[in-house]
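Here the structure comes first, spelled out in structure tokens, and everything after it is commentary.
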Amino acid sequence: MSGPPAASPPPTPVQIREANAHLAALHARVAELERRLAAAELTVRGQAESLLRKDAEMRQAVQGLRQGKDRSAEIAALEEKLQSSEENAQKLLHVIQEKDGIITQLQHRSRLLTKICRSRPVLDNLLAYMAEGEQLSPVLEPGSSPGSPDRSPPLETNCLPSPPVDTKGFSLEDDEQDPDRMLFGTTV
């Protein structure tokens, strides 16, 4: 039952006009959509470029923060070194002050020892004169005999009576004390 297709009647002018209007509306709609698509593509391109710029800016900001963080760590390390150096400087200043005090004491002792050393020959001479004086016989008053006890009042002296001392070999120069065992002012 199938036969050749029936030929359709030719379109009427109204149908042609409606089809043309429909095609024109369809063409206008396609043109409108193409314009919107082009505008959307421009917007998307602009947004993509903006995002790329913002991404680059964010990367620079992150890199700046990293460098800032690195600098902060470096600054913290330098501040710690500075504080340590200041503490060491304070310790060294304290040590210097202690050493200056010791130096002042030693300078005073050195001056005193220098004075003693300068006076040593005078002391040696004085001891020699005193030893010589002790070896002399007592002076007799006129009218007294050498065997009679001396009843004259003792001569006033600043010296205190002391037991006889063997001064024959006494001299400061012959001091045989161990210098390693001597302390200032005393012997050990």
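In this chain, numbering begins with 1 at the start of the sequence shown.
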Side-chain donor or acceptor of Ser110 paired with backbone N/O of Leu106 under 3.5 Å: no

Any donor-acceptor N/O pair, Gln15 side chain to Thr12 backbone, under 3.5 Å: yes

Can you tell me how far the [atom1] atom of [X] sits from the [atom2] atom of [Y], to the nearest 0.5 Å?
{"X": "Leu127", "Y": "Leu123", "atom1": "CG", "atom2": "CG", "answer": "6.5 Å"}
{"X": "Ser119", "Y": "Asn125", "atom1": "OG", "atom2": "CG", "answer": "12.0 Å"}
{"X": "His27", "Y": "Glu34", "atom1": "NE2", "atom2": "CD", "answer": "8.0 Å"}
{"X": "Leu113", "Y": "Arg109", "atom1": "CG", "atom2": "CZ", "answer": "9.0 Å"}
{"X": "Leu65", "Y": "Asp70", "atom1": "CG", "atom2": "CG", "answer": "11.0 Å"}

Please set out all donor-acceptor pairs under 3.5 angstrom arising from side-chain atoms of residues 35-61, sequence neighbours excluded.
unit_1, atom_1, unit_2, atom_2, d
Arg35, NH2, Glu32, OE1, 2.3
Arg36, NE, Glu32, OE2, 3.4
Thr43, OG1, Ala39, O, 2.9
Asp55, OD2, Arg59, NE, 3.4
Asp55, OD2, Arg59, NH2, 3.3

With sequence neighbours excluded, residues passing side chain to side chain donor-acceptor pair (under 3.5 Å) with His22: none

Donor-acceptor contacts under 3.5 Å from residues 79-100 side chains, at least two apart:
unit_1, atom_1, unit_2, atom_2, d
Ser85, OG, Lys81, O, 3.0
His94, NE2, Glu98, OE2, 2.8

